[in-house]
Amino acid sequence: MTGRPDPTVATPDVPEYHQASHWGTYTVASDGQDITAVTPWAGDQDPSPLLRNLPGSVTHRSRIDGPAVRRGWWEDGPGPSADRGTGRGKGSYLRVSWDDLLDRLADEFRRVIDTHGNHAIYGSSYGWGSAGRFHHAQSQIHRFLHTLGGATRSVNTYSTGALEVFLPQIVCPETDVSRGSTPWSQIVEHTDVWLALGGTPAKNTGTNDGGTGDHPTRGALTAYLNRGGTLIGVSPLRADLPDHPDGGVTWIAPRPGSDTAFLLALCHTLLVNGHADHEFLSSYTVGHNHLNDYLRGHTDGIVKDAAWAAQLCHIPTEQITRTAHQLTTGRALITATWSLQRQQHGEMAIWAVVALAAYLGQIGLPGGGFGFGYGSMNEPGLTQTPFGLPSLPQGPNPVTTRVPVAALSDMLLRPGATIPYATGTITYPDIRLVHWAGGNPFHHHQNLNRLRRALARPDTVIVHDPYWTAMARHADIVIPSTTAAERDDFTGSRNGALLVAMHAATARHADSRDDYDTFTALADRLGIGAAFTEGRTSQEWIRYLYEEWRHRVTTDSAARDLRWPDGPPPSYDEFRARGVLRLPTVPARTMLTDWRADPTGHPLSTPSGKIQLTLPRDGVLTLPDRPHQPTWSAPAEWDEETSHPLHLIANQPRTRLHSQLDHGPLSQASKIAGREPIHIHPVDAAARGISDGDLVRVFNHRGHCLAGAVLDDTLRPAVVNLSTGAWYDPAAPTPVPVGDDSSTYDPLAPANLDVHGNPNVLTSDRRTSSIAQATTGQWVMVQVERYDPARWGPARPVRAHDPAC
Ligand SMILES: Nc1nc2c(c(=O)[nH]1)N[C@H]1C(S)=C(S)[C@@H](COP(=O)(O)OP(=O)(O)OC[C@H]3O[C@@H](n4cnc5c(=O)[nH]c(N)nc54)[C@H](O)[C@@H]3O)O[C@H]1N2
Ligand SMILES: Nc1nc2c(c(=O)[nH]1)N[C@H]1C(S)=C(S)[C@@H](COP(=O)(O)OP(=O)(O)OC[C@H]3O[C@@H](n4cnc5c(=O)[nH]c(N)nc54)[C@H](O)[C@@H]3O)O[C@H]1N2
Ligand SMILES: [Mo]
């Protein structure tokens, strides 16, 4: 291998190509350079509207045409960026040749490893990248860095960080509730009352990490309501719930962040009304007497009754008592979207969901119990295939340091500091080189003004991306990647199991390269080329990964008896010719059924083998933010309510996946004068003299951004909704000082106004608690005002999607 790209495989005379993204499977029509049209896979009953963002995405002007380097880094060498006036996020870029770039990059890797050691490389590279088992950017960068001697990695996700750490302590691993979730068929058939915290937002269920086939959520919700099922949705946004002509849907809209109080009051009401299932609690849980004491106020003098919760949730007491009663009228299911744990004390919301289901005593009965993630992703509710999908081996990482994703800025700014995490502690390494491929921290991280200061600190920042995202604009080395449409690959999903052959539909754009080819060329220069490639080209790898998987799943004894809907997996060439292969799935069963039937034969993975309604306390477990039982604590953010009285919901966008294809037609059509829409209740708008379509300034003490007002009476008053994903676009960013001292960097300076509407200039990077150290980006307190050009100057047009060089 020389590291030169394989010849492009697209054959423009073929009119249509199978392709796949995180939001669906489809065929594309191409003119050889770009996608011209997309047709959803015929097996998809409800294709995602996000498909509309794809045409035109390959040659969009925001593509990075060739390798680029920040002038300050190229001329002065590596170092914290504020040492120079041309720092990260400010300086201009030079186009350089691939060879020059890779030579300098190899030198820099050698310097950092020799001087500081591999742990000084931060190679977490969190992010979704694109679908594709081989060209998956995360797998590629991790394989490269592990082969190079390792790098500091992250642990947990922005999606379900609190669930991943905390759920195994109280009931079961997070994957059991996502992949092993109760299937739709069980809910549609058996559930009578469904309490859905965070609603069941169909907008989210278009997507699935790695790809997806059918989209059953909308159909299942309709079938459930047609059967006469009751859906009680708890969310600040009515849009998180379906409409149904015959009713059946109740909307409860508490103040954001108050769900734990709501849930504890439901437990209390069941308890005092004699509806708690004591038999279940005694047989299947530990600690319920202690929790009963807490609910009754014996522990802290506060009775957790409906009236107590009502004044925290800002809803009528009767709405809580009625809900408690409804839950006793039939088979009850309690679910929460992941948003409930993407906020401070998110662990307690999870625990309260499990506790409520335990008080109802229906866990493991058909259609009963609890679940997480229905309405968050397509995966929950779909039956899964019993075996894993093919994937690129990443090899062991010799560096063992792991830092929770949500501590990114904190880690960069406070090397050597120690934080509590899970059952131990973590000491932050001193990071000198940050390497990212397939993620966009200026999309995903909270408090972007702090992130800018944090990213000023390392010596070198390297970013691979197809597009000039804000992260690329804060990098020293910018590596132009291809998009999935330019590559052969294959992908799959475990739930709703499908394997899809992806066919390159266009030529590679300009001077971009597949990440694999970039890493191969770099690996060659660093003397690890053979270990990285194992002598295979990308085409050979894809074939190898498929054939190795085929061998495994057809010879495995457990898999042999499974029914393959399309027949057993064919040869690689036939698979590519067919395009799509449906995989066998396990029978549809309610989660935790086996445990309920035989709790000693199938114990839970918790210390007691049962559901923990209390947890032991010793060591770091005695920290004040780690209560003994599900506990209500008011979020610190509520302290801002007087000065910043609006709850801003920074949820997932309906018009794109995260920041991906923000320039696409569907995303662009939603913008107001080019800015991200902010939904505001007419009462709140009137109080501020804001009309529909006005440009508004959204602010708190962490930052400010512009957005376009949409008056909307389907949200709770005092709640505004600015979804994530608008590319960060500071008006004229000021130079960023190195360090955590914000006194020399004013986030509210006119120059630091994000003119596009990225809510992460407002969110806090405080973590859920010391248990999971997970993100709290879901909502934040803000104020909104009409944009005043007399004070702030004429609003500058959005330039986020223009190339930086
Ligand atoms: N306030 C707030 N913030 C949030 C959230 C929230 O609810 N509120 N949600 C959080 C959640 S759950 C998540 S998962 C994160 C998502 O955060 P990310 O996953 O970081 O967001 P994406 O926009 O998907 O970023 C993927 C990047 O990969 C690039 N890319 C695509 N294909 C390739 C490829 O083949 N190679 C390379 N090198 N790059 C590629 C894309 O262009 C894009 O820039 O955001 C989190 N941030
Ligand atoms: N279209 C689209 N779909 C996506 C994504 C995307 O970017 N675009 N991203 C995918 C990813 S990576 C993930 S992790 C999932 C995330 O899935 P979720 O975390 O479930 O998604 P969100 O849309 O952020 O939140 C769901 C709803 O919770 C409500 N909510 C917010 N705060 C509160 C609260 O305090 N209490 C209650 N009761 N409700 C609240 C909000 O109104 C919000 O619409 O979405 C996935 N699906
Ligand atoms: Mo996520």
Side-chain angles (χ1 to χ4, degrees), residues 22-23 48-50 62 125-132 135-138 140-141 157-161 196-201 203-209 233-240 252-259 262 336-343 349 372-378 405 436-446 463-467 469-472 479-484 486-487 514-515 518 635 647-662 715-716 719 721-725 727 758-760 762-763 775-780:
H22 300 300
W23 51 94
S48 165
L50 303 195
S62 57
S125 190
Y126 184 90
W128 273 49
S130 290
H135 287 292
H136 182 229
Q138 257 64 44
Q140 291 288 343
I141 188 174
T157 63
Y158 286 83
S159 317
T160 52
L197 287 307
T200 54
K203 73 170 173 69
N204 288 344
T205 59
T207 71
N208 213 28
D209 192 1
V234 181
S235 167
L237 313 182
R238 176 63 180 84
D240 287 336
I252 300 181
R255 180 190 194 190
S258 66
D259 300 84
F262 178 77
T337 54
W338 296 336
S339 59
L340 257 83
Q341 46 94 66
R342 209 178 297 114
Q343 42 183 297
F372 291 97
Y374 296 89
S376 296
M377 204 94 85
N378 201 28
V405 278
W436 228 283
N440 181 3
F442 279 89
H443 167 76
H444 67 232
H445 204 60
Q446 284 56 63
V463 170
H464 303 220
D465 206 290
Y467 298 100
T469 63
M471 185 59 185
I479 299 193
S481 303
T482 49
T483 66
E486 294 148 77
R487 310 185 287 239
D514 299 353
D515 292 319
T518 306
H647 287 80
L648 181 143
I649 304 292
N651 61 349
Q652 309 289 17
R654 63 178 58 249
T655 56
R656 60 190 168 251
L657 174 73
H658 314 142
S659 69
Q660 296 196 31
L661 309 185
D662 181 32
L715 33 80
R716 180 193 158 87
V719 164
N721 178 205
L722 177 66
S723 295
T724 59
W727 290 13
N758 183 322
N760 278 328
L762 305 158
T763 53
T775 181
T776 61
Q778 179 60 210
W779 62 263
V780 62

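Just the heavy atoms: all of them, side chains too, but no hydrogens, waters or symmetry mates, feed the values below. When a ligand or atom number is given, it counts from 1 through the structure's own listing order. Note that the structure is a prediction, hence the values are computed from the model and not measured.
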I need the contact type for T469 against ligand 1. Using non-hydrogen atoms and a strict under-4.0 Å cut-off, is it side chain, backbone, both or neither?
side chain

Where's the contact between S659 and ligand 1, heavy-atom distance under 4.0 Å: side chain, backbone, both or neither?
both

Pairs of nitrogen or oxygen atoms closer than 3.5 Å, one from V234 and one from ligand 2: do any exist?
yes

If we only count N/O pairs under 3.5 Å, is D465 in contact with ligand 1?
yes

Where ligand 2 meets D259 - atom numbers and elements under 4.0 angstrom, heavy-atom basis:
34 (C), 35 (O), 36 (N), 37 (C), 38 (N)

Please check if any side-chain donor atom of Q446 sits under 3.5 Å from a side-chain acceptor atom of T775, or the reverse.
yes

Which residue and heavy atom of the protein sit nearest atom 21 (O) of ligand 2, plus the separation
N204 ND2, 2.9 Å

Which atoms of ligand 1 sit under 4.0 Å from any heavy atom of N440?
20 (O), 25 (O), 44 (O)

Regarding ligand 1, does P466 bring an N or O atom to under 3.5 Å of one of the ligand's N or O atoms?
no

Closest non-hydrogen protein atom to atom 36 (N) of ligand 1, residue and atom name please, with distance?
D515 OD2, 2.7 Å

In ligand 2, the atoms that come under 4.0 Å of a heavy atom of N651 are 22 (P), 23 (O), 24 (O), 43 (C), 44 (O)

So, is G777 polar-close to ligand 1, with some N/O to N/O distance under 3.5 Å?
yes

If you measure from each heavy atom of Y158 to ligand 2, is any distance below 4.0 Å?
no

Side chain of N758, backbone of F442: donor and acceptor closer than 3.5 Å?
yes

Starting from atom 24 (O) of ligand 2, what is the nearest protein heavy atom, named by residue and atom, and what distance separates them?
Q778 NE2, 3.1 Å

Strictly distance-based, threshold 3.5 Å: is any side-chain N or O of Y158 a donor or acceptor partner for the main-chain N or O of V405?
yes

Please list the nearest protein heavy atom to atom 45 (O) of ligand 1 with its residue and the distance rounded to 0.1 Å.
H444 CB, 3.0 Å

Heavy-atom nearest option to atom 35 (O) of ligand 1, drawn from R487, Q138, H135, H136
R487

With respect to T763, determine whether any N or O atom, backbone or side chain, lies less than 3.5 Å from an N or O atom of ligand 1.
no

Distance col, row F372:CZ vs T337:OG1, nearest 0.5 angstrom, shows 10.0 Å

R656 CZ to S48 OG distance, which is reported to the nearest 0.5 Å
13.0 Å

Can you pull out the closest protein heavy atom to atom 20 (O) of ligand 2? Residue, atom name and distance to 0.1 Å, please.
S376 OG, 2.7 Å

Numbered in order shown, the ligand 2 atoms found under 4.0 Å of a heavy atom of W128 are 12 (S)

Below 3.5 Å, N or O to N or O, backbone or side chain included: is there any such pair between T724 and ligand 1?
no

List every atom of ligand 2 that sits less than 4.0 Å from any heavy atom of L657, numbering the atoms from 1 in the order shown and giving each element.
5 (C), 6 (C), 7 (O), 8 (N), 9 (N)

N or O contact, S258 vs ligand 2, cut-off under 3.5 Å:
no

Of A131, G161, G438, the residue with the heavy atom nearest atom 39 (N) of ligand 1 is G438

Verify whether one side chain among D465 and N440 offers a donor that lies under 3.5 Å from an acceptor in the other.
no

I'd like to know whether ligand 1 has G129 as a neighbour, heavy-atom separation below 4.0 Å.
yes

Is it true that T763 and N760 share a donor-acceptor pair across their side chains at a distance under 3.5 Å?
yes

Considering only the protein, which heavy-atom contact is closest to atom 23 (O) of ligand 2, and what is its distance?
K203 NZ, 2.6 Å

Does any N or O in the side chain of W727 come within less than 3.5 Å of the main-chain N or O of A470, such that one atom is a donor and the other an acceptor?
no

So which heavy atom in the protein is nearest atom 33 (C) of ligand 2, and how far is it from that ligand atom?
Q343 NE2, 4.0 Å

For A650, is there any backbone N or O sitting under 3.5 Å from a side-chain donor or acceptor partner on Q652?
no

Which protein non-hydrogen atom lies closest to atom 40 (C) of ligand 2, naming both residue and atom, and how far is it?
P236 CD, 3.6 Å

Interfacing atoms of ligand 1 (cut-off 4.0 Å, heavy-atom, H464)
37 (C), 38 (N), 39 (N)

Atom 9 (N) of ligand 1 [closest protein heavy-atom partner, distance rounded to 0.1 Å]:
Q652 NE2, 3.6 Å

Which residue and non-hydrogen atom of the protein lie closest to atom 3 (N) of ligand 1, and at what distance in Å?
Q446 NE2, 3.0 Å

re atom 28 (O) of ligand 2, the protein heavy-atom contact at minimum distance is S339 OG, 2.8 Å

As an exercise, identify every atom of ligand 2 less than 4.0 angstrom from a heavy atom of S159.
14 (S)

Testing the 3.5 Å rule here: is there a donor-acceptor pair between the side chains of N204 and S376?
no

Per-atom contacts, ligand 2 versus L237 - under 4.0 Å to a heavy atom:
42 (O), 44 (O)

Of the backbone atoms (N, CA, C, O) and the side-chain heavy atoms from C-beta on, which set of M471 has a member under 4.0 Å from an atom of ligand 1: side chain, backbone, both, or neither?
neither

Return yes when P653 approaches ligand 2 closer than 4.0 angstrom through a heavy atom, no otherwise.
yes

Looking only at heavy atoms of G199, does any of them come nearer than 4.0 Å to an atom of ligand 2?
no

Residue Q660 vicinity, atoms of ligand 1 by number, heavy atom under 4.0 Å:
22 (P), 23 (O), 24 (O), 26 (C)

Whether the side chain of H22 engages the backbone of G129 through a donor-acceptor N/O pair (distance < 3.5 Å, no angle test) should be reported.
yes

Would you check whether T482 reaches within less than 4.0 Å of ligand 1, judged by its heavy atoms?
yes

Proximal atoms of ligand 2 relative to H658 (non-hydrogen, under 4.0 Å):
6 (C), 7 (O), 9 (N), 10 (C), 11 (C), 12 (S)

If we set the cut-off at 4.0 Å for heavy atoms, which region of S481 has an atom near ligand 1: side chain, backbone, both, or neither?
side chain

Show the atoms of ligand 2 that are less than 4.0 angstrom away from any heavy atom in R656.
1 (N), 2 (C), 6 (C), 7 (O), 8 (N)

Side chain or backbone, does G257 bring an N or O within less than 3.5 Å of an N or O on ligand 2?
yes

Please confirm whether W436 comes under 4.0 Å of ligand 1, counting heavy atoms of the residue only.
no

Which atoms from ligand 1 have a heavy atom of Y467 less than 4.0 Å away?
42 (O)

For ligand 2 and T207, I'd like to know whether there is a polar contact (N/O to N/O, distance under 3.5 Å).
yes

Give me the nearest non-hydrogen protein atom to atom 1 (N) of ligand 1 as residue plus atom name, then the distance to 0.1 Å.
N760 OD1, 2.7 Å

min-distance protein heavy atom vs atom 29 (C) of ligand 2 -> D240 OD2, 3.5 Å

